[in-house]
Amino acid sequence: MRDEHEKLDIRVRRWIFQQGWSELREIQSLAIEPILSAKTDVLISASTAAGKTEAFFLPAISAIAEQQKGVGILYISPLKALINDQDRRLESLSDLLDMPVTPWHGDSPQGKKNKLKTSPAGIVLITPESLESLLIRDAGWVKSAFSLLRYVVIDEFHAFLGSERGHHLLSLLHRLEHLLGRLKSPIPRVALSATLGEIEKVPLALRPNQSLPCKIIRDTNAVSTLKVQVKGYVNPAQVDIEEPIDAEYKICQDLFKFCRGGNHLVFANSRNRTEIIAATLSDMCDQQHVPNEFFPHHGSLSKELREGLEKRLQQEHYPTTAVCTMTLELGIDIGKVNSVVQVTAPHSVSSLRQRMGRSGRRGGASILRMLIAEDELTKDSNPIDKLRLELIQSLAMIRLLISSKWYEPADTSLYHFSTLLHQILAVIAQWGGIRADQLYNLLCKEGPFQNISAADYKAILLHMGSSELITQLGSGELVLGVLGERITGHYSFYAVFKTPEEFRIVSGTKTLGTLPIDSLVLVGQHIIFGGKRWIVKDIDSDKKTIYVERAKGGKPPKFGGSGMSVHDVVRQEMFKILSDGDYRIAVADQKIDFADANARELFRESVAFFNEAELRQNSLLQHGNDVYIFTWHGDKVVNTIAALLIMNGYEAGVYAGVIEVSKTSLTDVAASLRSLSLRAYPTAAELADSVLEKRVDKFDEFLPEEVISLGYGAKVFDMNDAHCWLKKFS
DNA sequence: GACCTGCTGCGGAATG
């Protein structure tokens with residue numbers, strides 16, 4: 001290890017000494033050789049604050065220390081805030097080597113950008129969108145300024161993995177290598193992340209054409225201790241008018257107790273709940289005549305408010321608790337907090353891991369509290385409530401996090417058609433004109449859109465021609481059409497993702513409210529809105545309106561309208577916990593219980609209902625006039641079964657991964673599932689044909705119908721696994 | 001009870 005350190009530039013070693021570091025961390029030593037050699041991609045997977053950034057920059061800066069001209073390192077970040085943090089953190093090291101660092105994003109100073117334009121050198125910190133804008137507007141400059149580029153490094157790589165934006169980034173990097181004439185001798189890519197699921201598949205996601213090998217570096221000896229507690233709360237069925245104390249208020253009382261006087265993060269999952277909890281806690285400060293120390297933090301708040309709070313957390317002068325959404329999940333520099341609290345079930349194991357990593361000061365234990373409220377049971381409680389699925393999901397996620405060290409992997413079955421269309425326009429805008437076959441080679445054959453067939457690519461080009469996005473010249477070259485010029489000329493072009501559109505929910509002549517549509521909505525589907533049940537009658541994509549009628553039915557379940565997609569593995573862990581009647585984690589010959597008395601009682605109720613309904617053996621349950629289907633699969637499979645039933649004339653809704661089929665009987669549903677399992681089943685794209693609103697990504701409006709169905713089907717449905725599950729009825 | 005991210009270049013007014 002000591003020898004490794006000797007390979008670094010003398011000034012870098014001096015800097016390490018100045019930091020007072022007696023030696024490098026394991027991942028930092030391990031990264032030196034592969035990064036200096038610059039012959040492979042490198043994946044550095046280590047927990048938050050384990051020194052990943054330094055593991056890359058110490059050797060990479062050493063390697064470009066003597067390079068006077070030309071940018072040597074291109075650092076890519078998903079957030080502008082992270083670029084500003086990184087700029088600050090690199091200051092002392094870059095000063096010592098007299099190496100310029102240029103932050104380059106929409107809000108970074110024009111003066112620094114101009115300086116880089118005239119004398120490109122050192123390190124550039126950029127977002128994917130700003131890199132796109134440089135390629136389109138100034139490819140000539142990029143070609144000369146980056147001609148000696150040695151490394152590309154991607155921070156928080158999991159934030160890109162599997163998403164439209166991640167695919168955009170891969171395409172940008174491929175186009176950059178193409179522009180620089182480096183397809184034969186690729187520029188090494190280094191990816192940094194704390195939470196990567198199925199890590200052995202990540203190299204393929206970092207470089208789909210595999211033109212360089214990839215070295216994986218993980219921190220093995222980091223045995224960070226974790227203290228976890230799950231606390232249960234019961235929302236009374238009858239609230240006392242004299243003294244109305246519901247579960248949410250009790251949760252706030254406990255938050256006040258845990259958090260006051262220290263620095264904490266409270267993740268509340270929705271902006272609305274974030275505001276309510278922060279306001280309740282501020283009121284409590286008022287009542288006790290103490291200064292307020294609870295503040296909300298989410299994406300709708302102004303930059304000034306957010307940055308003010310981040311600074312306050314970082315300085316540690318005043319006790320501060322941020323009640324936040326995922327905005328404080330990524331590595332924005334707020335230092336470490338005393339503890340993290342999760343109110344309501346987390347969306348994914350990977351995001352739970354990110355959140356947990358925010359706590360653990362001075363090498364101490366990470367502390368995670370999870371506060372889960374369930375409704376008190378009454379005789380007409382819904383089976384989903386009786387199963388306490390929010391609590392069970394939370395317990396399952398903690399087990400996967402701690403004992404399996406499992407995180408959700410990227411979904412590699414997606415096509416990313418919207419992003420391909422964006423890239424077709426971007427490449428044409430960059431080059432002025434290009435032949436269709438060259439474009440196909442660049443983006444699909446050698447680039448990241450390898451899932452897309454030549455036939456689909458051709459259909460997209462023809463459709464783009466018919467809507468005047470592009471035109472073909474007599475020479476055969478493709479150039480921008482009238483509409484294409486307009487779209488690529490506007491600054492809003494550079495991002496491939498869009499903010500989901502709000503649909504109006506209309507019943508009769510009355511507007512009930514608005515709902516952002518980014519998940520599956522089918523005619524005939526039941527949804528819950530404003531605490532009531534509705535059936536979807538029609539969807540008008542042009543008017544952005546969903547027409548609904550009141551639906552009869554018992555009390556709607558509290559947990560799990562549609563939301564973020566839950567993975568198969570999580571649902572299977574939930575089934576295992578309920579089947580075993582035990583959620584505790586085995587450590588050596590002991591079983592660790594991490595639930596409080598209330599949570600244990602809620603779990604006991606859940607298991608009692610699970611056993612009484614014989615859900616270990618049976619997938620179907622009759623409850624009044626409704627039938628519940630338990631697949632214990634992820635949302636893609638559940639969506640598929642629900643859509644098949646709706647196609648066959650049933651009314652159904654999906655809540656917390658359970659399908660609720662209305663006004664029917666168990667024998668009827670069982671017969672239908674049996675006939676579904678025996679019939680030739682449709683493809684995902686055919687099933688998607690029946691979905692009215694499936695143009696959800698930014699450039700979907702310019703894609704031909706059949707391509708839309710193919711892309712949407714792959715995103716929302718899983719025919720293979722759904723059919724496997726249906727087989728048990730044949 | 002529904003998460004988050006990003007984007008140009010120019011014209012004109014205000015400030016030192």
Side-chain angles (χ1 to χ4, degrees), chain A residues 76-83 104-108 110 113-114 126-138 155-156 158-161 163-166 168-169 172 235 246-248 267-277 297-301 303 306 324-332 342-348 350-352 354-355 373 375 390 422 426 429 487-503 505 512-521 527-532 556-566 635 655-656 698:
Chain A
I76 296 168
S77 153
L79 298 178
K80 289 184 288 192
L82 224 48
I83 288 178
W104 190 296
H105 57 69
D107 301 332
S108 61
Q110 193 61 46
K113 291 184 182 173
N114 292 339
I126 202 166
T127 60
E129 290 73 20
S130 284
L131 181 56
E132 181 68 87
S133 127
L134 277 178
L135 281 176
I136 290 180
R137 290 170 182 270
D138 220 346
D155 206 354
E156 307 277 12
H158 64 276
F160 289 112
L161 203 54
S163 70
E164 293 294 335
R165 203 176 180 206
H168 182 204
L169 174 58
L172 284 167
N235 226 356
D246 59 2
E248 187 148 291
F267 287 94
N269 286 354
S270 86
R271 287 184 289 237
N272 188 29
R273 197 183 293 111
T274 299
E275 288 288 346
I276 292 172
I277 292 176
H297 191 282
H298 55 74
S300 309
L301 288 174
K303 201 174 137 205
R306 285 163 64 168
C324 56
T325 59
M326 63 181 289
T327 44
L328 286 180
E329 196 173 290
L330 288 182
I332 296 173
Q342 169 76 42
V343 179
T344 69
H347 300 305
S348 67
S350 140
S351 109
L352 182 60
Q354 288 285 138
R355 293 173 182 189
D375 284 351
E390 184 171 3
H422 176 267
I487 290 177
T488 55
H490 194 262
Y491 70 87
S492 60
F493 176 71
Y494 303 114
V496 296
F497 55 90
K498 76 166 182 183
T499 14
E501 279 169 299
E502 298 270 327
F503 273 58
I505 309 287
L512 304 172
T514 61
L515 192 67
I517 295 299
D518 46 9
S519 55
L520 179 70
V521 180
I527 59 171
I528 293 172
F529 190 76
K532 298 193 174 80
K558 186 179 88 75
F559 175 62
S562 49
M564 311 229 328
S565 211
V566 173
D635 283 326
Y655 315 103
K698 189 171 172 186

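In the text below, chain A, chain B and the rest are named by the order of the sequence lines, each starting its count at 1. Below, each value reflects all heavy atoms present in this structure, side chains not excepted, and no hydrogens, waters or symmetry copies.
Taking the side chain to side chain contact (heavy atoms under 4.5 Å, CB included) definition, one finds that A/A81 meets it with A/I332, sequence neighbours left out. Among residues two or more places apart in sequence or in another chain, the salt bridge (Lys or Arg N to Asp or Glu O under 4.0 Å) test is passed with A/R273 by none. Shown here are the side-chain hydrogen bond (donor to acceptor under 3.5 Å, both in side chains) partners of A/H298, two or more places apart in sequence or in another chain: A/E275. The side chain to side chain contact (heavy atoms under 4.5 Å, CB included) test applied to A/R355 returns A/F267, A/N269, A/M326, A/E329, A/V340, A/Q342, A/H347, A/S351, not counting sequence neighbours. Residues forming a side-chain hydrogen bond (donor to acceptor under 3.5 Å, both in side chains) with A/S270 (at least two apart in sequence, or on another chain): none.
Rounded to whole Å, the distance from NE2 on A/H347 to C1' on B/dG1 is 12 Å. What separates CZ of A/F503 from C1' of B/dA2 is a distance of 15 Å, to the nearest Å. One can place OH of A/Y655 at 10 Å from P of B/dG1, the figure rounded to the nearest angstrom. The distance between atom NE2 of A/H297 and atom C1' of B/dC4, rounded to the nearest whole Å, is 12 Å. In this structure, CD of A/Q354 is placed 14 Å from C1' of B/dC3, rounded to the nearest angstrom.
Nucleic acid contact class of A/E248 (heavy atoms, under 4.0 Å, all strands): base.
When all heavy atoms of A/H105 and A/K113 are compared, the closest pair comes out as O-NZ, 3.0 Å.
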Polar-atom pairs under 3.5 Å, protein N or O versus N or O of nucleotides 5-14 of chain B: list them with distances, or write none.
| residue | atom | partner | partner atom | Å |
| --- | --- | --- | --- | --- |
| B/dT5 | OP1 | A/R306 | NH1 | 3.3 |
| B/dT5 | OP1 | A/R306 | NH2 | 2.5 |
| B/dT5 | O2 | A/R165 | NH1 | 3.4 |
| B/dG6 | OP1 | A/K80 | N | 2.6 |
| B/dG6 | O3' | A/T127 | OG1 | 3.4 |
| B/dC7 | OP1 | A/G106 | N | 3.1 |
| B/dC7 | OP1 | A/T127 | OG1 | 2.8 |
| B/dC7 | OP1 | A/S130 | OG | 2.7 |
| B/dC7 | OP2 | A/G106 | N | 3.3 |
| B/dC7 | O2 | A/Y491 | O | 2.6 |
| B/dC7 | O2 | A/S492 | N | 3.3 |
| B/dT8 | O3' | A/R137 | NH1 | 3.4 |

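Ranked by how close their nearest DNA chain B nucleotide is to the 5' end, A/I276 and A/T325 are led by A/I276.
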